[in-house]
Peer 1: 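Below is the structure I would like to discuss, written out as C-alpha cells.
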2 protein chains.
Amino acid sequence: MDEALQKLKNHIQETVKLSESEWDFIAPHFSFKRLKKHQFLVQEGIDVPNEFWIVNGLVRSYFMEENGKEHILQFAMENYWVSDFNAYQNHEISTLNIDCLEDSTFLVMSFEDREMMCERVPALANFFRIKSTKGFIALQKRVMGLMKDNAETRYNDLIEKLPGLTQRVPKKYLASYLGVSRETLSRFSND
Amino acid sequence: MDEALQKLKNHIQETVKLSESEWDFIAPHFSFKRLKKHQFLVQEGIDVPNEFWIVNGLVRSYFMEENGKEHILQFAMENYWVSDFNAYQNHEISTLNIDCLEDSTFLVMSFEDREMMCERVPALANFFRIKSTKGFIALQKRVMGLMKDNAETRYNDLIEKLPGLTQRVPKKYLASYLGVSRETLSRFSND
DNA sequence: GCTTTGGTGTGATGTAGATCACATCAGTCA
DNA sequence: TGACTGATGTGATCTACATCACACCAAAGC
C-alpha cells in the first residue's frame, strides 16, 4: 500500500506540482484493493461510487448488447485511471463491466472524496483537468480511426500503440476492442 | 461583447461558484470574434493557439482523408466549447478544420491564459475539469454507438438528441457525422 | 430571366466484414 | 491420462452499406 501510494504520488507529480502538506492531505483518502484474474471491479446494474488507479495488472472495460455481444471500450493497465465514468460522475448505475485480465492491484477513490479534494487542493483539480482532457483527445482519435480506417488498419495501429498487449490478451479481446469479429481479425493477423 | 461575457459568466456559474473578483480577473482574458457562414475558425495545417466558446451560431469540426473524404467529428452550437483540442493542448498544428454552418460569434481564450487562469482561480480549474469529464463521457457514448448500432439507429439517436439540427444543416453533413454515405442515409430518412 | 450550383432521391452493382460451420491444438482439471 | 474448455484458423455464404450513375428541383449568382 505505501509503495503504491508512493507510485501514485510520482504519477501525479509528472503532471502538477504538489506540496508535501497537500500530499499528506490527499493520501489518506485512497484505499487499496487487490483482485484476481476474472474478478470484477465494476459490474453492470450496480452503482459506481469509486474510480480506480491501477497500480499494476490489466483490466478491460466493456458493455454488452441485449443479445449478449460484448464490446470492449478500453484496456487499462499500470498508471491508468478507470471506472464507469458516466455512472460515477452522474450517480447512475453502471452500464459497463470492468474485469481483470490479470491479477491486479488498485488505489480506490470515492466520488465525494475526489470532489472534496479538488475543492481543497487546486493542484489536484488541475491534475484531473489535464488527465481528462488527454482522455478526451485519445477518445477522439479512436472515433477518427473508427470513421476512416478499415479493420486491418485499426489492428495495425493498435499493436503499434500497445505492442505488449498482443502477448497479454487473447485475440478475441483485441477483435472486440476493434469492433471486428474474431474471425475477420484472424484473417489478417499473421503471427 | 459585454452581453456575450455575461452569458459566459452564467454558463460557468451553472457548474461552479465564482466570486465577483474571480470573474473580474477572468473576463478581460477573453476576446470577441464574429464569423460568417463558410468562414473558418480552425484550419488544418495551422497552429491552434485558442479555444472558443460559442456565443451563438453553429459550426462543424471535421477532418479529411488524403483522398479528400470529409468526416465530421462534432457539431457545436451555443454554449459549446470548440477547438482542435489535440493541437491546442499539445501545441501541434491542426489536423482538423472547423467552419461555420451559420453566421456565428465566439469568445476566444488562449492556451496560456487558460493555464494561467486555472492556476490562479481554482474554481475555473474545476469548471474545465468537469466540462472535460462530461465531454469524455459524451465521446464514450459515441464510440459505443459506433460499435453497437447500425446506421439507421445512429441516425434516429442523433435526431432525438439534437432535434433542431435536421432543420439547420443539409443531410450530407448528418451522414458525414454518422459515418455513413449520403445515399444510404437518404434511404431511411423519410421526411 | 437564365444558368449554375448544391441538396436530395433512387436504382444497379460491388465489397468489407459478419455469420455459420467446422477442424485443430494447448491448457486445465478430475 | 483422459475429458473438457477455450484459443485460433479457415472455408462458404450472407448482408449492410459504399459506390457509381443518374434524375429532379430549389436557391443563388450574373
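Below, chain A is the first sequence line, B the second, and so on; all start at residue 1.
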Peer 1: Determine: side-chain N/O of B:Lys171 to OP1/OP2 of C:dG7, distance under 4.0 Å, yes or no.
Peer 2: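 So the side chain of B:Lys171 is outside the cut-off, no N or O lying under 4.0 Å from OP1 or OP2 of C:dG7.
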Peer 1: Counting the benzene-type ring for Trp, do A:Tyr80 and A:His11 have ring centres under 6.0 Å apart?
Peer 2: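 No - the distance between ring centres of A:Tyr80 and A:His11 does not fall below the 6.0 Å cut-off.
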Peer 1: On the side chain of B:Glu183, is there an atom forming a donor-acceptor pair with the base of D:dC20 - under 3.5 Å, no angle test?
Peer 2: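 Between D:dC20 and B:Glu183, which were checked side chain against base, a qualifying N/O pair under 3.5 Å is present.
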Peer 1: Could you tell me how far apart A:Arg168 (CZ) and D:dA7 (P) are, to the nearest whole angstrom?
Peer 2: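 Going from A:Arg168 (CZ) to D:dA7 (P), I get 17 Å.
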Peer 1: Does the side chain of A:Asn150 pick up a donor-acceptor pair with the side chain of A:Thr153 at under 3.5 Å?
Peer 2: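 On atom types as modelled, these side chains qualify, holding a pair under 3.5 Å.
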Peer 1: In this structure, how many angstroms lie between the P atom of D:dT5 and the NE2 atom of A:His38, rounded?
Peer 2: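 Interatomic distance, NE2 of A:His38 to P of D:dT5: 15 Å.
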Peer 1: Ring centroid separation for A:Trp81 and A:Phe128, is it under 6.0 angstrom?
Peer 2: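 Close enough - the centres of the two rings lie under 6.0 Å apart.
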Peer 1: Of the candidate nucleotides D:dA7, D:dA18, C:dT8, which contains the atom at the shortest distance from the side chain of B:Pro170?
Peer 2: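 Taking heavy atoms from C-beta onward, the closest nucleotide is C:dT8.
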Peer 1: Out of D:dC17, C:dA18, C:dA21, which has the shortest distance to the side chain of A:Thr184?
Peer 2: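 Closest of the options to the side chain of A:Thr184: C:dA18.
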Peer 1: What closest approach, in Å, do B:Val48 and B:Ser94 show between heavy atoms, and which atom pair accounts for it?
Peer 2: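 Closest approach of B:Val48 to B:Ser94: CG2-CB, 3.5 Å.
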Peer 1: Pick the closest DNA chain C nucleotide for B:Lys172 and for A:Asp149 by heavy atoms, then say which residue is nearer the 5' end.
Peer 2: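 In this pair, the answer is B:Lys172.
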Peer 1: Calculate the interatomic distance between B:Phe188 atom CZ and C:dT10 atom P; express it in whole Å.
Peer 2: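 About 14 Å, once rounded to whole Å.
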Peer 1: D:dG6 C1' sits how many Å from A:Leu101 CG, rounded?
Peer 2: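 Distance check: A:Leu101 CG to D:dG6 C1' gives 15 Å.
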Peer 1: To the nearest Å, give me how far apart CE (A:Met147) and C1' (D:dC17) are.
Peer 2: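 It is 15 Å, rounded to the nearest whole Å.
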Peer 1: Contacts to DNA chain C from residues 62-74 of chain A, heavy-atom cutoff under 4.0 Å, which residues?
Peer 2: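 Listed by number, they are A:Lys69.
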Peer 1: With B:Lys9, which of B:Glu14, B:Glu20, B:Glu22 fulfils salt bridge (charged side-chain N to carboxylate O under 4.0 Å, His left out)?
Peer 2: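 Only match with B:Lys9 under salt bridge (charged side-chain N to carboxylate O under 4.0 Å, His left out): B:Glu20.
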Peer 1: Within this structure, what is the OH-to-C1' distance between B:Tyr173 and C:dG7, rounded to whole angstrom?
Peer 2: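 My rounded result for the distance is 10 Å.
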Peer 1: Identify which nucleotide among C:dG17, D:dC17, D:dG9 has an atom closest to any side-chain atom of A:Arg182, counting heavy atoms from C-beta outward.
Peer 2: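 Side chain of A:Arg182 sits closest to D:dG9.
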Peer 1: Considering only D:dG9, D:dC17, C:dT10, which nucleotide approaches the side chain of A:Ser186 most closely?
Peer 2: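 Closest nucleotide among those given: D:dG9.
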Peer 1: Taking the six-membered ring of A:Tyr177, is NZ or CZ of A:Arg142 closer than 6.0 Å to its centre and within 45° of its axis?
Peer 2: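 Verdict for A:Tyr177: a cation-pi partner in A:Arg142.
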Peer 1: Measure from the side-chain heavy atoms of B:Asn150 and tell me the nearest of C:dG9, D:dA16, C:dA16.
Peer 2: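 Minimum distance to the B:Asn150 side chain belongs to D:dA16.
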Peer 1: For A:Gln167 and D:dA7, give me the distance from atom CD to atom P, rounded to whole Å.
Peer 2: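 In whole Å, D:dA7 P lies 16 Å from A:Gln167 CD.
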Peer 1: Separation of A:Arg154 atom CZ from C:dG17 atom P, in whole Å?
Peer 2: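 For the pair A:Arg154 CZ and C:dG17 P, the rounded distance is 7 Å.
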Peer 1: B:Ser181 side chain: which of D:dC17, C:dG17, D:dA18 is closest?
Peer 2: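 Nearest to the side-chain atoms of B:Ser181, counting from C-beta on, is D:dA18.
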Peer 1: For A:Arg114, which residues count as a salt bridge (charged side-chain N to carboxylate O under 4.0 Å, His left out) partner, sequence neighbours excluded?
Peer 2: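 Counting only residues at least two positions away or on another chain, A:Arg114 forms a salt bridge (charged side-chain N to carboxylate O under 4.0 Å, His left out) with A:Glu51.
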Peer 1: Which is more 5' along DNA chain C, the nucleotide nearest A:Glu152 or the one nearest B:Leu185? Just name the residue.
Peer 2: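 On the 5' side of the pair lies B:Leu185.
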Peer 1: Minimum heavy-atom separation for B:Gln13 and B:Leu18, please, with both atom names.
Peer 2: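 Scanning both residues, the minimum pair turns out to be NE2-O, 3.2 Å.
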